[in-house]
**Q** 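If you scroll down you'll find the structure; I have some questions about it.
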Amino acid sequence: MSELVQEIAIDQAQNLKARALHRCIHVLDKDASIAFYQKALGMDVVRRKGPEDGSWENIFMANQESGFELELTWNNGRVEPYVNGGRDTHLAFSVADINQARALHEQMGCVCFVNEAMGLYFIEDPDGCWIEILQEKQRNLSQAGTDVLAALRRRRSVRQYGEAPIAQEALDQVIEAGLRSAAGRGIRPWELVVVKNREVLDRLAQCREAGSAMLTGADAAVVVVADPGCDTWIEDCSIVMANMHLEASALGLGSCWIQGRGRTAADGRSTKDFVFDLLGIPGNLELEAILSLGSLTEIPEPRGIEDLWSKVHQGAY
């Protein structure tokens with residue numbers, strides 16, 4: 001590589017600002033490995049993925065002390081020990097623009113394996129170690145998912161979204177945050193309607209006279225409705241909305257609370273009637289709100305709360 005080409009490559013690499021994500025190692029007994037890392041290093045399983053046939057599974061472990069993850073890769077039926085010092089282990093980095101990164105790595109001649117179907121590839125360092133390169137996903141923009149206060153500090157209402165789609169895994173985590181919400185007497189009167197169809201999202205953007213236009217740019221929306229027979233349905237649905245909004249922020253997604261209850265649609269109908277007619281929701285339920293979701297084009301600056309401490313009253317008002 002000429003000195004000029006090397007200088008260009010260094011400049012391009014500095015612009016990539018790749019983010020370290022996880023270290024992958026292969027394991028023979030996944031349960032034994034999980035137990036070991038839980039006991040030895042205080043790590044917990046944060047997510048799993050693998051095919052329905054159970055032929056393999058990736059178990060991701062982490063703790064609140066670090067955003068970095070350990071990926072345990074288990075292959076069903078494997079009995080021979082892994083080397084875990086060669087290609088049986090790798091580091092993973094994410095980049096903001098995987099096409100730019102790949103062009104650089106192709107130029108460097110270090111690309112050693114490409115998986116087009118999964119949208120990733122590997123590069124090999126001078127000592128033969130493999131490094132996985134992934135497109136930056138929404139959940140990698142923030143590592144605060146296990147730190148509630150950090151996620152609260154980062155939370156903002158986002159009304160403009162990027163074109164990148166939300167990963168299904170991230171959307172499932174947002175929904176899970178809603179499903180795990182506290183509810184009065186454990187009744188859980190709410191129902192969630194997930195909308196991803198582009199045409200329906202565009203029509204849903206007319207559900208209010210103002211304040212719902214961001215749905216035209218959203219990648220998904222979650223409509224929260226409930227059985228009004230429960231006297232805490234409004235509070236319960238509000239908790240669901242808040243938890244999903246917070247989880248979206250923790251994952252690096254943009255989201256916004258669109259109030260539905262008590263609002264009017266652009267065509268003069270109530271927002272409830274508009275949404276229920278569009279989505280076929282039974283009329284015996286009530287509408288609380290809609291959470292819009294999309295990728296971030298930038299990470300909003302956290303808001304300060306210095307002037308809000310005056311609202312705190314110690315002992316008595």
Side-chain angles (χ1 to χ4, degrees), residues 16 18-96 98-99 101-102 105-106 110-146 164-176 247 250-252:
L16 285 178
R19 185 186 187 93
L21 298 178
H22 62 255
R23 175 70 180 261
C24 169
I25 60 174
H26 283 65
V27 300
L28 288 177
D29 186 332
K30 59 182 177 180
D31 293 331
S33 295
I34 291 171
F36 172 83
Y37 284 104
Q38 285 176 329
K39 184 175 182 179
L41 297 173
M43 305 183 80
D44 291 309
V45 175
V46 294
R47 67 184 186 284
R48 297 171 181 255
K49 68 177 183 179
E52 293 183 0
D53 63 10
S55 58
W56 59 269
E57 185 177 17
N58 289 341
I59 302 106
F60 293 85
M61 303 189 70
N63 58 37
Q64 295 186 15
E65 306 307 315
S66 170
F68 196 75
E69 296 180 344
L70 180 66
E71 177 189 8
L72 305 180
T73 295
W74 171 80
N75 293 291
N76 193 5
R78 170 86 180 206
V79 294
E80 293 295 324
Y82 291 99
V83 176
N84 273 327
R87 295 178 181 177
D88 291 336
T89 182
H90 66 259
L91 285 168
F93 285 82
S94 67
V95 293
I98 196 168
N99 293 322
R102 185 168 171 183
H105 297 146
E106 294 280 10
C110 61
V111 176
C112 56
F113 179 76
V114 177
N115 189 324
E116 299 287 3
M118 296 184 70
L120 58 86
Y121 66 94
F122 287 80
I123 59 176
E124 188 172 6
D125 78 359
D127 293 298
C129 296
W130 281 30
I131 301 169
E132 183 180 14
I133 305 298
L134 300 160
Q135 173 66 46
E136 183 96 67
K137 293 182 179 179
Q138 291 85 2
R139 64 182 172 83
N140 296 328
L141 294 176
S142 168
Q143 298 286 353
T146 55
I166 299 173
Q168 185 61 47
E169 180 184 2
L171 180 57
D172 289 344
Q173 286 182 249
V174 171
I175 295 169
E176 181 180 348
E247 177 64 11
L251 293 172

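For this chain, numbers begin at 1 and follow the sequence in order. Fair warning: this is a prediction, and the values are worked out from it, not measured in the lab. All values below come from the heavy atoms of this structure, side chains included, with hydrogens, waters and symmetry mates left out.
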**Q** Does R102 reach the side chain of I133, with side-chain heavy atoms less than 4.5 Å apart?
**A** no

**Q** Which heavy-atom pair separates D44 from Q38 by the least distance, and what is that distance?
**A** OD1-NE2, 4.0 Å

**Q** Tell me the closest heavy-atom pair linking L134 and L21, and the distance in Å.
**A** CD1-CD1, 3.8 Å

**Q** Might you point out which heavy atoms bring Q135 and I98 nearest each other, and give the distance in Å?
**A** OE1-N, 3.1 Å

**Q** Among residues at least two apart in sequence or on other chains, which ones pass side-chain contact (heavy atoms from CB on, under 4.5 Å) with N76?
**A** W74

**Q** For the atom pair CD (E80) and NE2 (H26), what is the distance rounded to the nearest 0.5 Å?
**A** 14.5 Å

**Q** Under the salt bridge (charged side-chain N to carboxylate O under 4.0 Å, His left out) definition, can you give me all pairs with a residue in residues 50-64, not counting sequence neighbours?
**A** K30-E57, R48-E57

**Q** If you compare all heavy atoms of A62 against all heavy atoms of F68, which two are closest, and at what distance to 0.1 Å?
**A** CB-O, 4.0 Å

**Q** Report the residues that fulfil ring pair (Phe, Tyr, Trp, His ring centres under 6.0 Å) with F122, sequence neighbours left out, ordered by chain and then residue number.
**A** H90, W130

**Q** Taking side chain as C-beta onward, heavy atoms only, is L72 less than 4.5 Å from I25?
**A** yes

**Q** So, the side chain of N75 versus the backbone of R78: is there a donor-acceptor pair under 3.5 Å, distance only?
**A** no

**Q** Any side-chain heavy-atom pair from E247 and E176 closer than 4.5 angstrom?
**A** no

**Q** Minimum heavy-atom separation for V114 and E116, please, with both atom names.
**A** CG1-OE2, 3.5 Å

